[in-house]
*Asks:* 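Handing you this structure, nothing more for now.
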Amino acid sequence: MFRVSSILLAAAALTIVQPAAAQQKFENLDRIDSLVAMTVGANLGEPGGPAAPVDRRLRLAACPTTPTVEGPVFGAAMVQCAALGWRIRVPLVAGASAAASGPLPGHAAANRFTRAAPVAPKDNVVRKGDPVQLLAGNSAFSVSRMMVADEDGAMGETIRVREDKKSAPIFAQVVEMGVVRIPGFNSF
């Protein structure tokens with residue numbers, strides 16, 4: 001009798017512990033939110049910070065190591081777990097350079113879905129239709145080509161450029177007046 005009751009007690013303990021173990025098979029999304037905020041140096045809703053929390057419907061496998069955060073790249077931070085092979089993009093609020101000015105006022109930061117303060121418009125150094133020099137390369141080589149801007153752009157913004165009206169557009173970052181470069185060649 002004692003043996004049967006101890007088996008029943010052990011089975012009941014396993015059913016109680018099992019839901020806690022089942023929760024561990026998915027990545028903690030709050031952890032991802034905080035990793036992104038720490039990496040980009042701005043909190044949720046602040047200029048340069050995450051635009052919104054990570055979608056709570058995501059069911060990412062729990063990463064055995066700390067996920068890596070890269071960015072900002074094209075207005076988003078990239079969070080990835082190299083061990084399992086998953087990767088997500090977390091959109092960032094425009095105005096990363098404004099993140100150095102500090103957090104939003106207390107009343108605005110109270111709501112985690114508060115829109116960021118509008119960023120002062122930048123002066124466009126490239127106008128639609130302007131000829132621009134497209135650069136690609138790194139410290140070992142460089143390639144350039146004359147293109148035409150499809151849209152206005154300020155320093156640091158990504159715009160579309162193309163060789164002629166019939167060619168496909170290429171996304172390039174404005175470096176200076178009349179010069180754009182292809183993102184991805186960081187050590188140039």
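Start at 1 with the first residue, then count along the sequence.
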*Asks:* Nearest heavy-atom pair of V93 and P47: which atoms, and what distance?
*Replies:*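 Nearest pair, atom of V93 first, then P47: CG1-CA, 4.0 Å.
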
*Asks:* Give a yes or no answer on whether the side chain of W86 reaches the backbone of A61 with a donor-acceptor pair at less than 3.5 Å.
*Replies:*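 Yes, W86 side chain to A61 backbone: donor-acceptor pair under 3.5 Å.
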
*Asks:* Tell me, do L44 and P53 make a side-chain contact under 4.5 Å, heavy atoms counted?
*Replies:* yes

*Asks:* Roughly how far apart are L29 CG and L35 CG, rounded to 0.5 Å?
*Replies:* 11.5 Å

*Asks:* How close do G48 and A42 get, heavy atom to heavy atom, and via which atoms?
*Replies:*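 Where G48 meets A42 most closely, the heavy atoms are C-CB, 3.8 Å.
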
*Asks:* Under the side chain to side chain donor-acceptor pair (under 3.5 Å) rule, collect the residues that match up with D150, sequence neighbours excluded.
*Replies:* R162

*Asks:* Determine whether V126 and I159 make a side-chain contact, defined as any pair of heavy atoms from C-beta on separated by less than 4.5 Å.
*Replies:*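 Touching, per the 4.5 Å side-chain cut-off.
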
*Asks:* Are V54 and V90 side-chain neighbours, meaning at least one heavy-atom pair lies under 4.5 Å?
*Replies:*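 Answer yes - side chains close enough.
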
*Asks:* How far does NZ of K128 sit from CG of D152, to the nearest 0.5 angstrom?
*Replies:*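 Reported to 0.5 Å precision, the distance equals 8.5 Å.
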
*Asks:* Determine the minimum heavy-atom distance between A154 and N124, stating which atoms define it.
*Replies:* N-OD1, 3.6 Å

*Asks:* Can you give me every donor-acceptor pair (side chain of residues 65-76, partner residue at least two apart or in another chain, under 3.5 Å) with its distance?
*Replies:*
from, atom 1, to, atom 2, distance (Å)
T68, OG1, Q80, O, 3.4

*Asks:* Looking at CD of E151 and CZ of R127, how far apart are the two atoms once the value is rounded to the nearest 0.5 Å?
*Replies:* 13.0 Å

*Asks:* Cluster question for you: counting only ILVMFWY and a side-chain heavy-atom cut-off of under 4.5 Å, with indirect links fine, are V36 and M78 together?
*Replies:*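 No, V36 and M78 fall in different hydrophobic clusters.
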
*Asks:* Can you find a heavy atom in the side chain of V180 that is under 4.5 Å from one in the side chain of Q133?
*Replies:* no

*Asks:* What I'd like to find out is whether the side chain of I32 reaches to under 4.5 Å of the side chain of E27, using heavy atoms alone.
*Replies:* yes

*Asks:* Are any of the side-chain nitrogens in R57 or D55 under 4.0 Å away from the carboxylate oxygens of its partner?
*Replies:* yes

*Asks:* Pairs in or reaching into residues 133-176: which pass disulfide (SG to SG under 2.5 Å), with residues at least two apart or in two chains?
*Replies:* none

*Asks:* V148, I182: one ILVMFWY side-chain cluster at the under-4.5 Å cut-off?
*Replies:* no

*Asks:* Under the disulfide (SG to SG under 2.5 Å) definition, can you give me all pairs with a residue in residues 57-91, not counting sequence neighbours?
*Replies:* C63-C81

*Asks:* What are the two closest heavy atoms between A62 and L84, and how far apart are they?
*Replies:* O-CD1, 3.2 Å

*Asks:* Which residues pass the side chain to side chain contact (heavy atoms under 4.5 Å, CB included) test with R145, not counting sequence neighbours?
*Replies:* M147, E163

*Asks:* Name each donor-acceptor pair under 3.5 Å that joins a side chain in residues 168-179 to protein atoms two or more places apart or in another chain, with its distance.
*Replies:*
from, atom 1, to, atom 2, distance (Å)
Q173, OE1, R181, NH2, 3.1
Q173, NE2, G156, O, 3.2

